[in-house]
2 protein chains.
Amino acid sequence: MFSKTCEYAIRAMIFIAQKSKDGSKVGIKEIAKGIDSPEYFIAKILQELGRKGVVQSMKGPTGGFYLDNSARKTSLATIVKAVDGDNIFSGCGLGLKQCSDKHPCPLHHEFTKIRKDITSMLNKTRVGDLQEELDQKLTFLRRD
Amino acid sequence: MFSKTCEYAIRAMIFIAQKSKDGSKVGIKEIAKGIDSPEYFIAKILQELGRKGVVQSMKGPTGGFYLDNSARKTSLATIVKAVDGDNIFSGCGLGLKQCSDKHPCPLHHEFTKIRKDITSMLNKTRVGDLQEELDQKLTFLRRD
DNA sequence: AAAATAAAAGACAAAAATATCTTTTATAGA
DNA sequence: TCTATAAAAGATATTTTTGTCTTTTATTTT
Ligand code: FES
Ligand code: FES
């Protein structure tokens, strides 16, 4: 469904939301441990998300990653689009170069339904909301 | 959603269903052209599907690939499982090692709904049915 | 100002997915 | 039986994804 990169990105965003909700910042090592991802790899991913303004960061002592109030409202759709592009939102399920009602692949009718559900789900799910459930220990970001 | 391999596999199966509906067989070159895939690559994929009994084939002159009556009833789920494994049917959307109601990731509740829809769609969609629409030129396997 | 810290940037490495080519085997037809 | 045909099998190559390491830059603290 999502690339590994994207899975890590979403998990990291939720983790950062949690750890920075009191205004503090969280370092890359803690993030990597918290979401069980390769440290250098998630660093690269967050670097890119930082460039796109999806996550905030600060260098130096007491520095780290955090989410400002607007970033907490980021939808999963925004993250997925930033990392995986928009194939999942508009691409053909059978890999035709273009998905189109006028020139549909054999799966088009069934697939567009699913794709619509996915899009709507990703659009309405926000990082901040997921973080709250995590806080209540109702959900988890890693399996020990 | 699906790997490239899997997309080619599904397209090829539908194409073969169409070309072999009168009992004849279709060669790898014609398949590759018909679904716009790399020739040697789809050959490998069909070889593997052949080993698993999902597609039938015959060597030598007048040989080629075809689908017997039982193979026409193959669901997309069977093809996807044979090629991509069962991650899409049971894997965690955020990449946790295990998806579980007891230890859910933050996306679990939303994701399992989608996954259920996908599974059900793939289970009830059969190669033979898709081939019929293709035959009526209502759908297409490539974009020119 | 100097030292320590932590992310950014850039280079590199390994693994997996995708794609191609060559040789072998089975089958049909002359 | 010989030849031509087409898939199977095996080897190799390329590209993309995933993962790692090193150097640089910004910031804080001493
Ligand atoms: S054309 Fe394939 S999903 Fe629309
Ligand atoms: S645990 Fe992630 S989808 Fe179920």
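Convention: sequence-line order gives letters A, B, ...; per-chain numbering from 1.
- Of the two residues contacting DNA chain D, namely Phe2(A) and Met58(B), the nearest-nucleotide position lying further toward the 5' end is that of Met58(B).
- Atom pair Lys52(A):NZ and dA8(C):C1' shows a separation of 16 Å (rounding to whole Å applied).
- Regarding Ile45(A), its CD1 atom lies at a distance of 13 Å from the P atom of dT17(D), rounded to whole Å.
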Quick one: side chains of residues 24-32 of chain A, donor-acceptor pairs under 3.5 Å with protein atoms, not counting sequence neighbours, listed by atom name and distance.
unit_1, atom_1, unit_2, atom_2, d
Ser24(A), OG, Lys19(A), O, 3.2
Ser24(A), OG, Asp22(A), OD1, 2.7

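- No side-chain heavy atom of Gln18(A) sits under 4.5 Å from any side-chain heavy atom of Ile14(A).
- Rounding to the nearest 0.5 Å gives a distance of 12.0 Å between SG of Cys6(B) and NZ of Lys81(B).
- Closest to the side chain of Ser3(B), from the set dG19(D), dT18(C), dA9(D), is dT18(C).
- As a whole-Å value, the separation of Glu48(A) CD from dA7(C) C1' is 15 Å.
- Between the CG atom of Leu46(A) and the C1' atom of dA6(C) there is a distance of 13 Å, rounded to whole Å.
- Using a 4.0 Å cut-off on heavy atoms, the residues of residues 9-34 of chain A that approach DNA chain C are Val26(A), Gly27(A), Ile28(A), listed by number.
- Note that the SG atom of Cys99(A) and the CZ atom of Arg143(B) stand 9.0 Å from one another [nearest 0.5 Å].
- Rounded to whole Å, atom P of dA6(D) lies 17 Å from atom CD of Gln47(B).
- Without hydrogens or angle criteria, Arg11(B) side chain to Pro106(A) main chain gives no donor-acceptor distance under 3.5 Å.
- Neither Leu96(A) nor Ile10(B) shares a network with the other; the hydrophobic side chains, linked directly or stepwise wherever heavy atoms of I, L, V, M, F, W or Y lie under 4.5 Å apart, form separate groups for each.
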Review item, nucleotides 20-23 of chain D N/O atoms under 3.5 Å of protein N/O:
none

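- Two different hydrophobic clusters hold Phe140(A) and Val127(A) under the rule that ILVMFWY side chains link at heavy-atom gaps under 4.5 Å.
- Contact between the side-chain N/O atoms of Ser57(A) and the OP1/OP2 oxygens of dA7(C) is not found at any separation under 4.0 Å.
- Between the NE2 atom of His103(B) and the CD atom of Gln98(B) there is a distance of 10.0 Å, given to the nearest 0.5 Å.
- For residues 52-102 of chain A, there are no ring pair (Phe, Tyr, Trp, His ring centres under 6.0 Å) pairs, not counting sequence neighbours.
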Output a table of donor-acceptor pairs, distance under 3.5 Å, between side-chain atoms of residues 36-47 of chain A and any protein atom two or more places apart or on a different chain; print 'none' if there are none.
unit_1, atom_1, unit_2, atom_2, d
Asp36(A), OD2, Lys97(B), NZ, 2.9

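- Taking atom CG on Asp84(B) and atom C1' on dA16(C), their separation rounds to 13 Å, with Å as the unit.
- Rounded to an integer number of Å, the gap from CZ of Arg51(B) to C1' of dT25(C) is 14 Å.
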Taking only nitrogen or oxygen atoms into account, show me every contact under 3.5 Å that the protein makes with nucleotides 1-5 of chain C, one pair per line with its distance.
unit_1, atom_1, unit_2, atom_2, d
dT5(C), O2, Pro61(A), N, 3.4

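- Of the inter-residue distances, the one linking Asp129(A) atom CG with Glu110(B) atom CD reads 9.5 Å to the nearest 0.5 angstrom.
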